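Below, read A as the first sequence line, B as the second, and so on, with proteins coming before strands; counting in each chain starts at 1. Values in this document were obtained by computation on a predicted structure and should not be read as measured data.
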Amino acid sequence: MKQSSTFRLSVLAFGFAFLYIPILSLIVYSFNKSRLVTVWGGFSTQWYGRLLDNRQILDAAWLSVKIAATNATGAVILGTLAGLALARFGRFRGRTLLSGMTTAPLVMPEVITGLSLLMLFVVLDSALKQAFGWNLERGFTTITIAHITLTLAYVTVIVQSRLSSLDDSLEEAAMDLGARPAKIFFVITLPIIAPALVSGWLLAFTISLDDLVITSFVSGPGASTLPMVIFSKVRLGVSPDINALATIIVLLVTLGVIAAGIFMARQEKRRQRDMQMAAAAK
Amino acid sequence: MSARAEAPRRHRHSAGVQLILDFLNRLPPYRWTQSRLVRWGITGRTAVTAVPYLWLLLFFLVPFIIVLKIAFSEARIGMPPYAPLLTWIDGSVAQVNLQLKNFANMFQDSLYAKAYLNSIKVAAVSTLFCLLIGYPMAYAIARAESKWRHILLMLVILPFWTSFLLRVYAWIGILKNNGLINNFLMWTGLIDEPIVMLQTDFAIYVGIVYSYLPFMILPLYSNLEKMDLTLLEAAADLGARPFKTFMTITLPLSLPGIVAGSMLVFIPAVGEFVIPELLGPSDSLMIGKVLWQVFFTKRDWPAASAVAIALLLLLVIPIVLLQRAQAAEARGAHR
């Protein structure tokens with residue numbers, strides 16, 4: 001027994017070292033004075049200062065945050081509807097197609113999704129021009145549409161699994177008492193799945209913030225998102241201000257994940273306490 | 001009964017929502033629209049399903065049909081840079097211009113075949129290494145004390161939340177000639193000259209295994225965690241050695257998890273672009289990179305579309321395998 005637990009500990013130690021050493025090295029070298037990044041030249045925070053002076057990176061970051069927030073909101077709305085349909089409406093016509101279309105983007109290579117969406121936008125653009133004289137400018141709108149299509153799949157999976165793990169007795173009770181479907185949704189279903197919506201929103205936000213390949217296909221000449229700027233810099237080799245940027249992102253994400261984790265643990269605890277109280281009241 | 005315990009909180013919720021719903025109900029257009037919609041046979045359910053349905057049809061399914069169409073058309077100079085499949089002459093006679101050239105070209109040019117086979121090889125080997133590292137990790141987490149399990153699981157997921165691009169970038173600093181590994185090895189005196197690791201196939205493997213490891217661990221963990229431990233106890237009671245128990249019980253039972261995890265790594269790895277571009281040699285042949293170059297450098301849209309269709313065909317079997325494994329997992333969960 002002793003032997004197997006040492007084996008398990010060493011497996012975990014090796015695995016987590018593999019996962020975390022690259023991230024730690026990014027952080028450590030962001031404080032390196034030397035431009036060579038991996039040759040230590042003393043402690044310095046100068047690259048953070050440089051980063052704040054870099055208009056190109058700041059503009060790109062702001063554009064990325066705007067796209068990510070719009071995308072996450074849209075993906076949560078559409079994903080909730082799709083998750084609700086898949087988990088609660090039983091077998092309806094076209095259910096298989098809907099469930100296929102919501103899971104396929106999860107594994108589809110990004111080059112395919114990106115290429116096909118761009119082709120659609122080109123066709124749509126010429127159609128809109130002919131019909132209404134509208135111009136579908138490639139940029140914020142097309143990137144956001146592309147990201148929603150990708151991330152709505154994640155939200156659907158999260159909402160669907162949350163709904164199927166809870167039985168629908170509360171909803172049924174409300175229906176028996178004569179509540180309308182819309183009211184049941186807002187008063188009962190929505191509060192139950194709220195934690196799933198929070199994590200779905202955050203996930204959609206970070207995926208959008210991070211996407212390079214699909215964005216590169218559907219973006220236009222004027223719109224460069226943060227990953228696009230990072231990619232064009234990184235292609236030329238390591239650069240210390242990218243390390244500083246990475247450190248900031250890692251820090252924000254870690255804080256966000258920990259905060260969300262605490263929030264959800266509290267929700268879960270409250271739910272369990274309520275259940276216990278209900279059991280005691282019986 | 002739980003409804004009673006939660007009643008005070010619910011009540012506060014419902015008051016605000018009730019107000020909005022009452023307001024909506026009083027608006028004549030709402031009533032009118034509702035009665036009209038019901039008369040047409042459009043219920044709330046249809047509306048709820050229709051919105052995401054139409055979105056996905058338009059932005060996910062239709063694009064594939066367009067790509068398929070473009071793959072069969074001829075490249076030309078202009079915007080869009082492909083010739084239409086159907087041209088109407090005098091508004092009545094349709095002239096079809098269907099080209100198989102783009103696909104024929106893929107068979108003739110050995111570059112495509114090499115990129116194809118190499119992508120499959122790289123993805124398969126990376127998947128195997130992900131499994132070799134991920135299985136013991138998932139096993140160790142699933143058998144850890146329950147208070148640790150959540151934290152360990154969160155540690156697996158956390159890197160997935162930080163930027164993929166930056167995590168790949170980190171490996172440049174580790175693998176390059178004056179990078180972390182070479183500096184360390186030279187410092188210890190084990191080597192005198194740096195080992196060339198960056199811009200090799202080795203770097204591509206490291207990058208893919210590193211980036212996709214969480215995708216392997218998570219489905220394996222959820223499979224191993226819900227495994228019936230009494231089976232293992234029974235085997236031990238009957239005198240089976242741990243290794244035999246593992247081979248005859250744990251491994252076969254975790255097969256759906258293995259298949260799901262492997263496909264979750266294999267499918268995106270086949271079409272990977274960022275990792276071979278940043279870590280691999282400049283002439284590395286991966287199908288995702290080829291597609292990118294044909295599209296962005298050569299600007300040949302029909303050829304790029306043909307590559308995309310071919311890549312999609314390659315992924316049909318893995319995607320079917322993945323769906324079967326996930327269905328098997330879902331059935332196991334309901335049992």
Once you measure the plane-to-plane angle for B/W292 and A/F231, does it fall in the parallel (<30°), tilted (30-60°) or perpendicular (>60°) bin?
perpendicular

By the side-chain hydrogen bond (donor to acceptor under 3.5 Å, both in side chains) test, which pairs, at least two apart or in different chains, include something from residues 269-278 of chain B?
A/R235-B/E277, B/Y212-B/E272

Chain A contact via B/F296 - which portion, at a heavy-atom distance below 4.5 Å
side chain

A/I145 portion near chain B, given a 4.5 angstrom heavy-atom threshold
both

Let me know if B/I65 has heavy atoms under 4.5 Å from chain A in its side chain, its backbone, both or neither.
neither

Name the region of A/L212, side chain, backbone, both or neither, that has any atom closer than 4.5 Å to a heavy atom of chain B.
side chain

Using only atom types and a distance under 3.5 Å, with no angle test, would you say the side chain of A/D210 pairs donor to acceptor with the backbone of B/S163?
no

Structural part of A/L118 lying under 4.5 Å from a heavy atom of chain B
side chain

Considering all heavy atoms, the nearest B/L165-A/P227 contact:
CD2-O, 3.4 Å

Nearest 0.5 Å, what's the CG-CH2 distance between A/L12 and B/W148?
11.0 Å

Which bit of B/L56 comes within less than 4.5 Å of chain A, counting heavy atoms only: side chain, backbone, both or neither?
both

Max heavy-atom pair count under 4.5 Å with chain B, selected residue of A/I207, A/I21, A/L245, A/L202:
A/L202

If I measure from the heavy atoms of chain A, does B/L213 come under 4.5 Å with its side chain, its backbone, both, or neither?
side chain

Tell me, side chain or backbone of A/A104 under 4.5 Å from chain B's heavy atoms, or both, or neither?
both

Residue B/F129 excluded, over 12 heavy atoms near CZ under 6.0 Å:
no

Within the side chain of B/Y53, is there an N or O that forms a donor-acceptor pair under 3.5 Å with the backbone of A/A82?
no

Could you check whether any side-chain N or O of B/Y169 sits under 3.5 Å from a backbone N or O of A/I242, counting only pairs where one atom can act as donor and the other as acceptor?
no

Can you tell if the side chain of B/W301 reaches within under 4.5 Å of the side chain of A/M119, non-hydrogen atoms only?
yes

Does B/Y210 use its side chain to pair, donor to acceptor, with the backbone of A/L19 at less than 3.5 Å?
yes

Checking A/R88 against chain B: side chain, backbone, both or neither under 4.5 Å from a heavy atom?
backbone

Most contacts with chain B, counted as non-hydrogen pairs under 4.5 angstrom, among A/L9, A/L203, A/L190
A/L203

Is it the case that the side chain of A/R8 and the backbone of B/A144 share a donor-acceptor pair, with hydrogens and angles ignored and the cut-off at 3.5 Å?
no

Interchain contact, A/T149 with chain B, by part (heavy-atom threshold 4.5 Å):
both

Is it the side chain or the backbone of A/V123 that comes within 4.5 Å of chain B heavy atoms, both, or neither?
side chain

Chain B interface, residue from A/A146, A/A85, A/G256, A/S216 that has the most non-hydrogen pairs under 4.5 Å
A/S216

Between A/L106, A/L117, A/T156, A/V250, which shows the greatest number of heavy-atom pairs under 4.5 Å with chain B?
A/L117

What part of A/L26 gets closer than 4.5 Å to chain B, counting heavy atoms only: side chain, backbone, both or neither?
side chain

Minimal heavy-atom distance between A/V111 and B/G271, with the atoms involved, is CG2-O, 3.8 Å

Looking at B/A308 and A/L115, what are the two nearest heavy atoms and their distance?
CB-CD2, 3.7 Å

Nearest heavy-atom contact between A/F16 and B/L152 is CZ-O, 3.6 Å

With rounding to the nearest 0.5 Å, note down the distance linking CD1 in B/I66 to OG in A/S116.
8.5 Å

Side chain, backbone, both or neither of A/T103 within contact of chain B (heavy atoms, under 4.5 Å):
side chain

Go through the atoms of A/L152 and report whether side chain, backbone, both or neither lie under 4.5 Å from a heavy atom of chain B.
side chain

Looking at CE of A/M108 and CG of B/L312, how far apart are the two atoms once the value is rounded to the nearest 0.5 Å?
5.0 Å

Is it the backbone or the side chain of B/W171 that comes under 4.5 Å from a heavy atom of chain A, or both, or neither?
side chain

Test log, rule side-chain contact (heavy atoms from CB on, under 4.5 Å), inputs A/L120 and B/V62:
CA-CA 7 Å; A/L120 173 80; B/V62 171; 3.9 Å; yes

Contact summary for A/Y20 and B/L155, nearest pair of heavy atoms:
OH-O, 2.5 Å

B/L180 and A/S25: which non-hydrogen atoms are nearest, and at how many Å?
CD2-CB, 4.2 Å

Name the region of B/L278, side chain, backbone, both or neither, that has any atom closer than 4.5 Å to a heavy atom of chain A.
side chain

For chain B, which candidate among A/L97, A/T80, A/T102 shows the most heavy-atom pairs at distances under 4.5 Å?
A/L97

Chain B heavy atoms under 4.5 Å from A/L84: which part of the residue, side chain, backbone, both or neither?
side chain

If one checks every heavy atom of B/Q323 against chain A at 4.5 Å, the contacting part turns out to be side chain

Taking side chain as C-beta onward, heavy atoms only, is A/V11 less than 4.5 Å from B/Y139?
no

One should read off an interatomic distance between B/R143 CZ and A/S5 OG, to the nearest 0.5 angstrom, of 14.5 Å

Drop me the distance from A/I249's CD1 to B/L166's CG, to the nearest 0.5 angstrom.
5.0 Å

If we define contacts as heavy-atom pairs under 4.5 Å, which of B/I217, B/V274, B/L158, B/V270 has the most with chain A?
B/L158

About how many Å separate CE of A/M101 and CG of B/L61, when rounded to the nearest 0.5 Å?
6.0 Å

Considering only heavy atoms from C-beta outward, does the side chain of A/I148 approach that of B/F59 to under 4.5 Å?
no

Contact origin within A/F121 toward chain B - heavy atom pairs under 4.5 Å
side chain

A/I77, A/V213, A/L86, A/L252: which one forms the most heavy-atom pairs within less than 4.5 Å of chain B?
A/V213

Using the side chain to side chain contact (heavy atoms under 4.5 Å, CB included) criterion, which residues pair with B/P242? Sequence neighbours excluded.
none

